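Below is one structure, written out as structure tokens; comments come after it.
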Protein chains: 2
Amino acid sequence: MSHIEQLQNKNLKVTPQRLEIVDVLTHFGHINIDNLYKNLQSKFPTISLATIYKNLNTMQDKDFVCEVKIPHQKSVYEITKKKHSHVVCSNCNEIVDIEITTTKLTEEAKSLSGYQLDDSSIVFSGLCPECSK
Amino acid sequence: MSHIEQLQNKNLKVTPQRLEIVDVLTHFGHINIDNLYKNLQSKFPTISLATIYKNLNTMQDKDFVCEVKIPHQKSVYEITKKKHSHVVCSNCNEIVDIEITTTKLTEEAKSLSGYQLDDSSIVFSGLCPECSK
DNA sequence: CTAAATGCAAAGCATTTGCAAATAT
DNA sequence: ATATTTGCAAATGCTTTGCATTTAG
């Protein structure tokens, strides 16, 4: 499905700025506000941070984009996709997605806490292959 | 060990304000800046947010306090203790600590990502026993 | 006595809002 | 044609800084 269709499916008007935000998010996978801004400026020299904030907010409201909170770093944003976890390099900040099975751990957490749990946010930290050389 | 001794062990001067911050952190387990501020005002009507920020920052530098980033909420702070995970109620925001075994999951994450991992941050979300009634 | 902490005010960032003009549908 | 989006400027909110005074050790 094209990015245009993805936006239309969420009832988001397809503006050039918005489309480029989706392109950049898709290309980088995860990106923080500042880097998103920098990347958009090459194609849209007059784009404003307000536009980026507004777009990220409406996209989050429509559940098309989500924020990932990372320890000791600024939050990054990603296109909402199948539930997954994150691994972050504490040296170069590279982030990758991983699909791990959290069922057993969530069960453990449920019985230990007495909570009814339906979600989990997991971020592993360490060194990426490049930085651990 | 008393809170006074805990501060001294970290080379932190024992001021009344600082001691009360530790008392409040210990009492609540996890608290965000605003609520910490409100709680301190009863005992120190003229305490300033700057003092609280400065204290949390130096305490974090000394690894005596740490920040916990929670999805969809303001960060909370806690006294640094043995590694553990968190469970948060998405209705009343209550947070509890749990000790779960993350070894297997971390191994899985390592092999999937190719990263050398030495830390993980896990936050489960759901309803606390009270809110799920 | 010295270095650090406090509290105030000001400064510095980050994010949101209001609004006129432009644009998507 | 209408409702939404954009980009600017201003406003708001959050966190840090500078500094004179106070306090802990």
Side-chain angles (χ1 to χ4, degrees), chain A residues 2-25 31-62 64-77, chain B residues 2-25 31-62 64-77:
Chain A
S2 75
H3 293 164
I4 293 180
E5 289 170 309
Q6 287 184 282
L7 287 170
Q8 287 168 338
N9 283 349
K10 295 283 184 175
N11 293 312
L12 291 162
K13 285 194 177 182
V14 181
T15 67
Q17 292 86 338
R18 190 167 278 168
L19 195 51
E20 181 68 7
I21 289 175
V22 178
D23 286 353
V24 172
L25 283 174
I31 196 166
N32 68 28
I33 299 262
D34 299 335
N35 291 333
L36 180 55
Y37 184 43
K38 282 178 202 152
N39 269 278
L40 292 166
Q41 282 178 313
S42 52
K43 190 169 272 185
F44 303 97
T46 63
I47 198 169
S48 74
L49 268 172
T51 299
I52 295 177
Y53 277 109
K54 284 173 192 166
N55 271 306
L56 284 180
N57 286 339
T58 55
M59 284 166 157
Q60 284 182 87
D61 292 345
K62 306 251 179 181
F64 178 56
V65 159
C66 63
E67 179 183 1
V68 184
K69 293 197 179 187
I70 311 267
H72 314 118
Q73 285 191 42
K74 291 199 73 169
S75 288
V76 294
Y77 298 85
Chain B
S2 74
H3 294 163
I4 294 179
E5 290 170 310
Q6 288 184 281
L7 287 170
Q8 287 169 338
N9 284 348
K10 294 284 184 175
N11 292 313
L12 291 162
K13 285 195 177 180
V14 181
T15 68
Q17 291 86 341
R18 190 167 277 168
L19 195 51
E20 182 68 8
I21 289 175
V22 178
D23 286 353
V24 172
L25 282 174
I31 195 165
N32 68 28
I33 300 262
D34 300 335
N35 291 333
L36 180 55
Y37 184 43
K38 283 178 202 154
N39 270 278
L40 291 167
Q41 282 178 313
S42 52
K43 190 170 273 185
F44 302 98
T46 64
I47 199 170
S48 75
L49 268 171
T51 299
I52 295 177
Y53 278 108
K54 283 173 191 165
N55 271 306
L56 284 180
N57 286 339
T58 55
M59 285 167 156
Q60 284 181 87
D61 292 344
K62 306 252 176 178
F64 179 57
V65 159
C66 63
E67 179 184 0
V68 183
K69 292 196 180 187
I70 311 268
H72 315 116
Q73 285 191 42
K74 291 200 74 169
S75 287
V76 294
Y77 298 85

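Since we're looking at a predicted model, the values are computed, not measured. Residue numbers begin at 1 in each chain, while the letters A, B, ... track the order of the sequences.
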Test for a donor-acceptor pair under 3.5 Å between the base of dG13(D) and the side chain of K74(B), counting only N and O atoms. no

More 5' along DNA chain C: I33(A) or T46(B), using each one's nearest nucleotide?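 This one resolves to T46(B).
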
Sidechain-backbone polar pair: K69(B) side chain, P71(A) backbone, donor-acceptor under 3.5 Å: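 The answer is no, because no donor-acceptor pair under 3.5 Å joins these two groups.
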
For N55(A), is there any backbone N or O sitting under 3.5 Å from a side-chain donor or acceptor partner on R18(A)? no

For the pair made of [atom1] in [X] and [atom2] in [N], what is the distance, rounded to whole Å?
X	N	atom1	atom2	value
N9(B)	dG25(D)	CG	C1'	16 Å
Q17(B)	dG7(C)	CD	C1'	9 Å
L19(A)	dT4(D)	CG	P	20 Å
L40(A)	dT6(D)	CG	C1'	13 Å
N55(B)	dT6(C)	CG	C1'	9 Å
L49(A)	dA11(D)	CG	C1'	16 Å
F44(B)	dT23(D)	CZ	C1'	13 Å
M59(A)	dT5(D)	CE	P	10 Å

When you measure from the side chain of [X], which nucleotide among [options] comes out closest?
X	options	result
I47(A)	dC8(C), dG7(D), dA5(C)	dG7(D)
A50(A)	dT6(C), dT16(C), dT25(C)	dT16(C)
T15(B)	dG7(C), dA5(C), dT6(D)	dA5(C)
K54(A)	dT5(D), dC8(C), dC19(C)	dC19(C)

Contact class for T51(A) vs. all strands (heavy atom < 4.0 Å): base, sugar-phosphate, or nothing? base

Any base atoms under 4.0 Å from P45(A), or only sugar-phosphate, or nothing? Heavy atoms, all strands. nothing

Any heavy-atom pair between the side chains of T51(B) and L40(B) that's under 4.5 Å?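 No, too far: nothing below the 4.5 Å cut-off.
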
Hey, which sits more toward the 5' end of DNA chain D by its nearest nucleotide, K13(B) or N57(B)? N57(B)

Want to settle it: does D34(B) or V14(B) sit nearer the 5' end of DNA chain D, counting the closest nucleotide to each?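 The residue mapped nearer the 5' terminus is D34(B).
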
Against V14(B), only a single residue in Q8(B), E5(B), H3(B) fulfils side chain to side chain contact (heavy atoms under 4.5 Å, CB included); can you say which?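 Single pass found, and it is Q8(B).
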
Does one side chain, of S75(A) or E67(A), offer a donor that lies under 3.5 Å from an acceptor on the other? yes

